[in-house]
Amino acid sequence: MTQIIAEAGVNHNGSADLAFALIDEAYKAGADIIKFQTFKAEHLVTSAAQQARYQRVNTQKSESQLAMLKRLELDYSLHQQLIEHCQSLDIAFMSSAFDGESLQFLTQTLGLTTLKIASGELTNAPFLLAHARAGCKLIVSTGMATLADIESALGVIAFGLTADTREIPSREAFEYAYASKEGQLALKQNVTLLHCTTEYPAPFEEINLKAMGTLARAFDLPTGYSDHSEGIAVPLAAVARGACVIEKHFTLDKNLPGPDHKASLTPGELAAMITAIRQIDVALGSPVKAPTVSEYRNRSVARKCLVAAHNIEKGTLFTQSNIAIKRAGSGLSPYDYWRVVGSTASRSYANGEPIVD
């Protein structure tokens with residue numbers, strides 16, 4: 001079954017009430033996981049860092065990233081309460097760290113066992129190494145990346161998963177770890193890749209969903225899709241194309257202030273997406289092409305057989321004019337047509353009666 005991550009992200013707007021409400025809605029929609037973002041704004045951006053274009057458009061406010069992100073911090077003290085609320089509802093809690101202090105908090109203080117690495121951190125080698133050494137399962141988003149970027153990141157992770165902590169990190173060490181059997185096995189056991197287009201909302205013509213298959217073939221790792229497009233069509237297509245994980249932003253209200261609300265699903269849309277994904281999961285079924293149980297019941301009704309085109313007396317020669325092919329429920333297959341034509345009827349047949357000679 002496809003693992004579904006409801007991405008709350010920063011759509012709590014720094015409000016505890018909104019954060020708890022987002023958990024409730026993700027649970028009601030049927031998500032497996034709700035994911036937040038954990039960071040200290042001053043550790044994430046400088047005072048000179050400007051907003052992305054989509055952030056200016058969506059917030060309708062021009063300010064520094066630092067000012068914007070300060071309002072969107074999820075207070076450390078709130079995390080444990082959110083985790084306990086998730087546990088009470090039986091929905092998993094996850095968060096992405098964006099700085100070293102937050103990573104330590106998530107893994108050492110809260111004891112999270114699965115981490116999501118955001119697309120913007122894919123080239124942050126020291127941070128990737130810290131994630132790998134945290135001993136968690138890793139979901140790695142690949143927005144903005146080339147195959148070379150991804151391979152380099154996986155080399156760092158392979159090194160972190162397999163090398164002695166006393167070994168000095170280097171490009172050569174990362175490349176060796178990636179190429180080694182031990183490194184490849186560690187990646188397969190611990191890493192899932194997500195195809196992603198880093199734009200909010202992502203234009204359909206820039207989704208390039210076929211690239212998800214390219215990732216799976218290139219790296220032989222479990223592969224899913226982190227979606228920033230409008231609506232639910234693209235994540236449904238991703239599941240049909242084999243995504244093992246779907247991540248999708250959602251909000252309580254698209255009109256709330258904040259950078260991500262407008263590119264997020266409402267709770268009702270999230271529930272509709274999840275319902276459709278579960279239907280697709282079931283519909284994907286088996287790769288074996290064979291009649292199903294229902295089809296076996298319908299074959300005799302839907303398929304045609306040889307029947308008498310009119311009354312046929314015993315001993316009459318079967319010809320093209322006295323044999324018809326119609327639905328009748330039973331009788332010889334149309335494949336027997338050429339064998340029967342020219343033979344003699346061993347019994348009499350009424351008009352429309354299946355031929356069994």
Side-chain angles (χ1 to χ4, degrees), residues 1-4 28-32 195 204-205 207-218 220 222-225 227 229-246 248 265 268-357:
M1 296 288 283
T2 306
Q3 188 176 60
I4 300 173
K28 287 190 286 187
D32 300 300
H195 174 53
F204 289 107
E205 64 272 18
I207 297 296
N208 296 322
L209 197 54
K210 291 180 180 179
M212 187 178 72
T214 301
L215 293 184
R217 291 187 295 273
D220 193 25
T223 306
Y225 176 61
D227 185 51
S229 69
E230 292 184 299
I232 66 174
V234 179
L236 299 187
V239 174
R241 293 185 68 89
C244 63
V245 176
I246 291 293
K248 183 73 173 178
L265 298 180
E269 290 170 332
L270 178 66
M273 184 193 78
I274 293 173
T275 296
I277 287 174
R278 295 309 181 212
Q279 291 170 339
I280 294 169
D281 282 334
V282 174
L284 285 171
S286 167
V288 176
K289 177 56 183 172
T292 66
V293 173
S294 298
E295 288 180 313
Y296 272 116
R297 292 196 297 264
N298 293 330
R299 284 205 303 186
S300 62
V301 176
R303 287 184 170 177
K304 294 178 178 178
C305 62
L306 302 183
V307 301
H310 49 72
N311 292 339
I312 299 174
E313 297 295 328
K314 179 180 179 180
T316 300
L317 197 68
F318 286 119
T319 66
Q320 293 181 13
S321 62
N322 64 11
I323 294 178
I325 300 176
K326 297 181 180 180
R327 292 178 179 177
S330 63
L332 294 177
S333 166
Y335 274 97
D336 292 311
Y337 177 80
W338 298 278
R339 176 183 65 80
V340 172
V341 170
S343 66
T344 302
S346 63
R347 43 162 286 196
S348 296
Y349 291 93
N351 181 23
E353 187 176 353
I355 293 171
V356 294
D357 277 72

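Because the structure is predicted, anything quoted here is derived from the model rather than measured.
The CZ atom of R327 lies 11.0 Å from the OG atom of S300; values are rounded to the nearest 0.5 Å. Atoms CD and CD1, from E269 and I274 in turn, are 12.0 Å apart once rounded to the nearest 0.5 Å. To the nearest 0.5 angstrom, L284 atom CG is 12.5 Å from R241 atom CZ.
With sequence neighbours left out, the salt bridge (charged side-chain N to carboxylate O under 4.0 Å, His left out) criterion links D357 to no other residue. For the salt bridge (charged side-chain N to carboxylate O under 4.0 Å, His left out) test, residues two or more places apart in sequence or in another chain that qualify with R278 are D32, D281.
Between E313 and A345, the shortest heavy-atom distance links the atoms O-CB, 4.0 Å. The shortest heavy-atom contact between P334 and L306 is CA-CD2, 4.0 Å. The two residues L209 and V234 make their nearest non-hydrogen contact at CD2-O, 4.0 Å. Of all the heavy atoms in C305 and P354, the pair that sits closest is SG-CB, 4.5 Å. Between A238 and I246, the shortest heavy-atom distance links the atoms CB-CD1, 3.8 Å. Across all non-hydrogen atoms, the minimal contact from L317 to G342 is CD1-O, 3.1 Å.
V356 is listed as a side-chain neighbour of R347, based on a closest heavy-atom distance under 4.5 Å. Looking only at side-chain heavy atoms (C-beta outward), T316 and Y349 stay at 4.5 Å or farther from each other. The closest side-chain heavy-atom distance from F318 to I355 is below 4.5 Å. Inter-residue side-chain proximity for Y225 and L215 is flagged as unmet; no heavy-atom pair is nearer than 4.5 Å. Looking at heavy atoms from C-beta onward, I277 lies in side-chain contact with L236 at the 4.5 angstrom threshold. Within the 4.5 Å cutoff, no side-chain heavy atoms of P291 are placed close to those of R297.
In E295, the CD atom is crowded: over 12 heavy atoms of neighbouring residues, nucleotides or ligands sit closer than 6.0 Å. The local environment of CD in E353 is crowded, with over 12 non-hydrogen atoms from other residues, nucleotides or ligands closer than 6.0 Å.
Between the side chain of H195 and the main chain of I207, a donor-acceptor pair closer than 3.5 Å is present. Between the side chain of K326 and the backbone N or O of A308, no donor-acceptor pair lies under 3.5 Å. Side-chain atoms of N311 come within 3.5 Å of backbone atoms of N351 as a donor-acceptor pair (strictly under, hydrogens ignored).
With respect to V341, the side chain to side chain contact (heavy atoms under 4.5 Å, CB included) criterion is satisfied by exactly one of N322, T319, I323: I323.
Within the structure, the side chain to side chain donor-acceptor pair (under 3.5 Å) test picks out no pair touching residues 334-345 (sequence neighbours left out).
Note that R299 lies outside the cation-pi zone of Y296, set by a 6.0 Å cut-off to the ring centre and a 45° limit from the axis.
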